[in-house]
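Working notes for the structure below.
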Amino acid sequence: MRLEERRQNSAVIVARLEGLTKRYPNGTLAIDRMDLTVGKGEFVSLLGPSGCGKSTALYILAGLANATAGRVELAGDGRQVVGAGSIGFVFQEPSLMPWATVSENVALPLTLRGSAADLASEVIRCLTMVGLETFANAYPRELSGGMKMRVSIARALITRPQLLLLDEPFGALDEITRARLHDDLLHIWSETGCTIVMVTHSTTESVYLSNRVVVMAARPGRLIGSVDVSEPYPRTKAFRLGPGFSDHVRQVSALMDHASSGELI
Amino acid sequence: MRLEERRQNSAVIVARLEGLTKRYPNGTLAIDRMDLTVGKGEFVSLLGPSGCGKSTALYILAGLANATAGRVELAGDGRQVVGAGSIGFVFQEPSLMPWATVSENVALPLTLRGSAADLASEVIRCLTMVGLETFANAYPRELSGGMKMRVSIARALITRPQLLLLDEPFGALDEITRARLHDDLLHIWSETGCTIVMVTHSTTESVYLSNRVVVMAARPGRLIGSVDVSEPYPRTKAFRLGPGFSDHVRQVSALMDHASSGELI
Amino acid sequence: LDKIRFGLGWLPEAEHCGFFQAKATGLYEAAGLDVDLMAGGPGINTAMLVAGGEQDLGMGSSFTTLNMVKQGIPGVTVAAFFQKDPQTLVAHAGQGVSKLEDVKGRPVMVADFARGEFWQFLKYRFDFTDDQLRPYTYSSAVFVSDKTAIQQGYVTADAHYLGNQLDQPPVIMLLADHGYLNYATTVFGMNSYIEAHPDAVRAFLSATAEGWKSCMTGDYTPAMKLATSINTDPAYGEGLWKASINEMRDRHIVSNESGEGVGAMTDTRWADFFADMVKAGVYPADLEFRKAYTLSYLPGLK
Amino acid sequence: MTISEHKDAVVPAAVITADGVTGSLDLVFDRFVPPIAGAIFLIAWEVFVRWRGIPPYVLPAPSVIFQSLWTNAGGLMRALGNTALVTLSAFVLATISGIVLGILIALFRTVEKIIWPYAVALQVTPIIAIAPLVIIWVGLSKVWLALLILSWLVAFFPMLSATVVGIKSVDRGLQNVFTLYRATRWQRLLRLQLPAALPFILSGARVSSGLSVIGAVVAEFVAGSGTSTGLAWTIIQSSTMLDVPRMFAALFLLAGFGVVLWHAMSRLSSTLLGHWHESELKDEA
Amino acid sequence: MTISEHKDAVVPAAVITADGVTGSLDLVFDRFVPPIAGAIFLIAWEVFVRWRGIPPYVLPAPSVIFQSLWTNAGGLMRALGNTALVTLSAFVLATISGIVLGILIALFRTVEKIIWPYAVALQVTPIIAIAPLVIIWVGLSKVWLALLILSWLVAFFPMLSATVVGIKSVDRGLQNVFTLYRATRWQRLLRLQLPAALPFILSGARVSSGLSVIGAVVAEFVAGSGTSTGLAWTIIQSSTMLDVPRMFAALFLLAGFGVVLWHAMSRLSSTLLGHWHESELKDEA
Ligand SMILES: Nc1ncnc2c1ncn2[C@@H]1O[C@H](COP(=O)(O)OP(=O)(O)OP(=O)(O)O)[C@@H](O)[C@H]1O
Ligand SMILES: Nc1ncnc2c1ncn2[C@@H]1O[C@H](COP(=O)(O)OP(=O)(O)OP(=O)(O)O)[C@@H](O)[C@H]1O
Ligand SMILES: [Mg+2]
Ligand SMILES: [Mg+2]
């Protein structure tokens, strides 16, 4: 899919937050009047200091938590509403079923859907993508931290979701594995035209992958700016080394500096 | 402490692994004949692909897991054996007591030691260091992922340990918070002259912080090389931008490439 | 054949001899009856089963139908096969206890059920007090192990069980010998059933009376064979049967010394017993105790 | 542009007070539905008994039971008092002994292998069988002690079992933290194993509280009440006297007492676990 | 250079087979220590009884008990068979009903609020009290049904309670995964809540298995008529007859049966949980 096409598509709105406010029962104001619109086919990165409400925002986008105030809309593309089974979510913690094997965990979304036609091959496809095909029959407790996270990624990808929410999916992975998964992710994204919202702590990762980087500030969590990364896909090593890249990284870093000012001593 | 001094000190061995081999009961050979010597006052980073046995190695160093074969020695400096209460460990998962508040969790190592003299002020010191002083009375479930990790870091630092084992301590933190904690860590290290072994996935982080970077390969986990970063401390922004830095980063990356070759498709 | 479901108060035992004899020797059948002798047990409340219609007639005591009258349940006693209630108190020999008067002030193990029945009688007649009460666990182990202990018992079994365990035979005090007028091994039923089946009831009582006579004077083995085939517990075997029957014969349990007929009841005895129980505080004086029995089905009458 | 609202996620702007509203609705529900359901249950029972003409000695109607409760209030309350005393003592004893023994079993493999079978054997020993022996052991003058031992016997096993499973379920990560910081056995117990086992222990205590009620009644039944007369005695008396309404009145009291005890344990549970354990957390979405 | 060995961590090079050695040592321990402890226990008992000259009707010596067991073997085994049948049926019934009701209570707030008090009330109802009524309700010809109901009543509550707590303790992260993928209520139950509750449920089942043994015995005691000849009768009869050795023989059988049942549940537990739950994991350090 060309960027042109994407641009066009992004006029179709997949998710819109308007004045989103979230207060936890203990009184913490996690998010304060946040507005965010995600167009179809976008790859949006969400950055912000630790505890600024990124995970909370993803939960609300996925319909797993209620907003205290404000509007949350998830839109379809006219044919199918994004929602029912069509959201993939890599949670910040792996959240695997300890009693099930790796492949059972990965297969879960399909099993729940009841469409078990090519289940086995799909599981192998996704496990291979994250490099865990030899661990198909292992139990989660036999895996390392990074391996658990990769299982969780495989589980999110198996449904070929239209909206993919990623909460620091690569934080626990080494750079080589991470780079490969970056490329896999971009491949999937361009192939399926899905929409991605990713929380990350890596500015370079956010600039390399996404077409828009959104930065939040903390206490209370709010949006303080965004950077459009209008570089063409597929992005190559050349892009990483070029001046545009570091420009964008610098812009994002500046926003992050701004977001964090006065946050930590 | 000057680097000269450190060099001298590092003749004193704090930990030595000889032919360390670890096989889990399910048959997985996690580590295969690994040799590693850590001198007193060193800051060693441990890198390697996901699942190569880094966490396992730290567990064995801390005496939390037994080796299947090989020698493990933790040495003292003549006055006090490194061991009893003098190891700090930031686990890969936060492992907080859900029934205790943040400050109770941080205070735990001191509480267990029974030395409660300046407990309260120590807790505040450590919480302030990780920027969580306002969350002293919160419960772990009310914290974000990165905040939990910071509590875990604070808990490891409160005993002013002689040997500090860190398992991806900053993976879940944004870059600003991370940078501040980097500096705090280096400060503590140079102040107390403690020894640090840190698992990380960030080459830049490893080069910036440590005086030696050790790289492991996976399946079975083994040592494939190490890079000495003989740059003076304190390291400044200048170091980060200088050619020495990127040289070292490139060396480490090359080792990582080597370690990962044939690992993932 | 008329079917009668008869509820025994306990597991088949020698105290049921007359019923089993009648069944085993075909007396019931000859009288045109098909009698089902249904075993009881500790949790089987025969009065409730009869009241609830699960059994046609049941085995009880004077208390059974007096309680029913008190609760407004229309049940009547139609015959009494034990003129003497076998209830006893048992003491060790050589403890200075030979009659009920001596028990006053000493601890006594009494079952909970008895505290509404003979315990009240003992309190009223012999000045017993509640602080003498000790728990009775349906086991004589406590008694045997403590020389000063006194417990409730059953005359048909006491000597047999305890005799083996004690150096000296125990002192057995039969309450009936001390003015306790309770009828035991009675037959009772609901008014409605009895009025609807007068002939069957009469036939049943007559046949049972024949059975009892044959038990007391003749060969009781047919009854024993039948009973022990149902209750196969060896403890309820021949030895106990022999001992129990002997006690019943010697102590005139079934037909007392005054020579009343087997199964007989009298208005006077009912009235006296009721008066005692009123004095003991078990029943209110205005209870229509005469509703609790009827003499018109007694086996002697034709 | 088609914007269709995602049903679960759409929150109209005006729902700021949503939590409050739901909360008070729940409260109303909590306060009114159970009594109403209870009333319906009793009315249905009453109607059923009257309509089928079931005599009170087979199944008394609630009205009859309450009337009996009223008439016999004094005696029944005294009896309840006696039973409650045994129950509570047995429960406290069961809790303490169950937790202590559970700790020993969970911590010492040797104790586990050796003790478990006997604990299980004790649990399946019908107290009716050993009542006479217990009375002999404690002596006839200490019936209350026999009652206590017998009802303890009924109540202690769930505590034991819950404590063992709870301690064995402690998170391995936290165990490592405690090992690393050289926690003494005692510290580990008090600061890690017991708090972590608490959800299990409290769940065991809820079972145990009910069992100690039964235990007290059955103990009284089999070991006799001696001079103090609890509800078991009332029940047996009523049963032999065919005073079924009074028996039911006693059962109602007993059930009420059991429910109160259970509620107290539930309260304790939400107080102790409310701030951290999943089973007692309010839904926060 | 001072190298002092870190005691916990030092592993001599020759310990490659360490796991194997420890393993088989443990095995030896498991196999021999409990029987030896048992033997010591019995011998101590025997010596104590002989030395103090305790009469057999107060506490029979093991030798006397085993002799009685041998002499009465036939009758006792038949009795055990009858009791075992009731026990197992009641246990199965308790397990199923406890889990099903537990699910309903855990999933539906309304059911919880309405049903809990009755479940608790049922638990604290002494079956001794209601046995006569239950017999009337089911009819005298179906005494086995009365037995089943009564022993079920004793056994079901721990299952219920364990299921409820277990389901309520499900990890929130996993709940979110299931919500996200639109799991139906049924799928959530089968694939998330029940597996996650399994450790609790199996712990409840261990308690419940013991209670169903007692339940069967007590039920038989209070509701059994002369024709049913389970262990309860043997015990009661032996007790009234002062044949205390036979009573103990019956108790031994009962305890043995209880322990076997409990072991079966433990086995089941380690089979079902062994590969994932902390409480059944072997130590891997
Ligand atoms: N269950 C909860 N109850 C109360 N407060 C909560 C809860 N979950 C999160 N918070 C608070 O909400 C704020 C935002 O949390 P959130 O998890 O969204 O942060 P985040 O941006 O994902 O942080 P991180 O990068 O560390 O994961 C934090 O201040 C946290 O303390
Ligand atoms: N408890 C266990 N049982 C069996 N195998 C295990 C266990 N823990 C870890 N392993 C295996 O040992 C290997 C090393 O695990 P370890 O956790 O040390 O990796 P790691 O280097 O820390 O990886 P990561 O960077 O992903 O945390 C992995 O292949 C893992 O599958
Ligand atoms: Mg987060
Ligand atoms: Mg690791």
Side-chain angles (χ1 to χ4, degrees), chain D residues 29-30 33-34 37-38 41 58-59 109-110 113-114 116-118 120-121 123-126 128-130 132-133 136 154 157-158 161-162 165 168-172 199-200 203-204 206-207 210-211 213-214 217-218 221 232 235 239 244 247 250-251 254-259 262 277-280, chain E residues 29-30 33-34 37-38 41 58-59 109-110 113-114 117-118 120-121 123-126 128-130 132-133 136-137 154 157-158 161-162 165 168-172 199-200 203-204 206-207 210-211 213-214 217-218 221 232 235-236 239 247 250-251 254-259 262 277-280:
Chain D
F29 177 90
D30 279 12
V33 167
F41 173 68
V58 171
L59 184 66
R109 208 183 134 69
T110 328
K113 287 284 156 198
I114 295 174
W116 252 139
Y118 299 96
V120 176
Q123 194 212 4
V124 302
T125 302
I128 206 156
I130 54 165
L133 299 178
I136 292 179
V154 176
F157 195 79
S161 179
V165 175
K168 288 195 168 184
S169 300
V170 175
D171 176 65
R172 193 150 295 201
F200 287 83
S203 151
R206 258 180 291 184
V207 172
L211 285 181
V213 176
I214 307 199
V217 172
V218 176
F221 178 74
I235 289 170
S239 175
V244 181
M247 183 178 107
L251 287 178
L254 206 59
F257 176 58
V259 172
W262 180 85
H277 195 256
E278 201 58 59
S279 67
E280 295 285 354
Chain E
F29 179 89
D30 280 12
V33 167
F41 174 67
V58 171
L59 185 65
R109 211 182 133 68
T110 328
K113 287 284 155 193
I114 296 173
Y118 299 97
V120 176
Q123 193 213 2
V124 302
T125 301
I128 270 173
I130 56 164
L133 295 176
I136 293 184
W137 295 336
V154 176
F157 195 79
S161 182
V165 175
K168 287 194 168 186
S169 300
V170 175
D171 175 65
R172 192 150 295 199
F200 287 83
S203 149
R206 256 180 291 185
V207 172
L211 284 181
V213 175
I214 307 200
V217 171
V218 176
F221 174 68
I235 289 170
I236 300 308
S239 172
M247 179 180 106
L251 285 179
L254 205 60
F257 177 58
V259 172
W262 180 85
H277 195 257
E278 202 59 57
S279 67
E280 295 286 354

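Source: prediction; values computed, not measured. Proteins come first, then strands; the chains are lettered A, B, ... in the order of their sequence lines, and each starts at number 1.
In this structure, D:F157 has its ring center under 6.0 Å from that of D:W116.
In terms of heavy-atom proximity, D:G204 sits nearest to D:A162 at CA-CB, 3.9 Å.
Both the backbone and the side chain of E:V124 come within contact range of chain D, with heavy atoms under 4.5 Å apart. Neither the backbone nor the side chain of E:F257 has a heavy atom closer than 4.5 Å to any heavy atom of chain D. Only the backbone of D:V170 comes within contact range of chain E, with heavy atoms under 4.5 Å apart. With a 4.5 Å cut-off on non-hydrogen atoms, E:L254 touches chain D through its backbone and its side chain both. In this structure, chain D has a heavy atom under 4.5 Å from the side chain of E:V217, while its backbone stays farther away.
The candidate with the highest count of non-hydrogen atom pairs below 4.5 Å against chain D, out of E:G258, E:S169, E:A255, is E:S169. Your options are E:L59, E:D171, E:L211, E:V154, and the one with the most heavy-atom pairs under 4.5 Å with chain D is E:L211.
Between the OG atom in D:S203 and the CZ atom in E:F200 there is a gap of 7.0 Å [rounded to 0.5 Å].
A donor-acceptor contact shorter than 3.5 Å links the side chain of E:Q123 to the backbone of D:V207. A donor-acceptor distance shorter than 3.5 angstrom exists from the side chain of D:T125 to the backbone of D:A121, with no hydrogens or angles considered.
Side-chain contact check for D:P126 versus E:L251: some heavy-atom pair is nearer than 4.5 Å.
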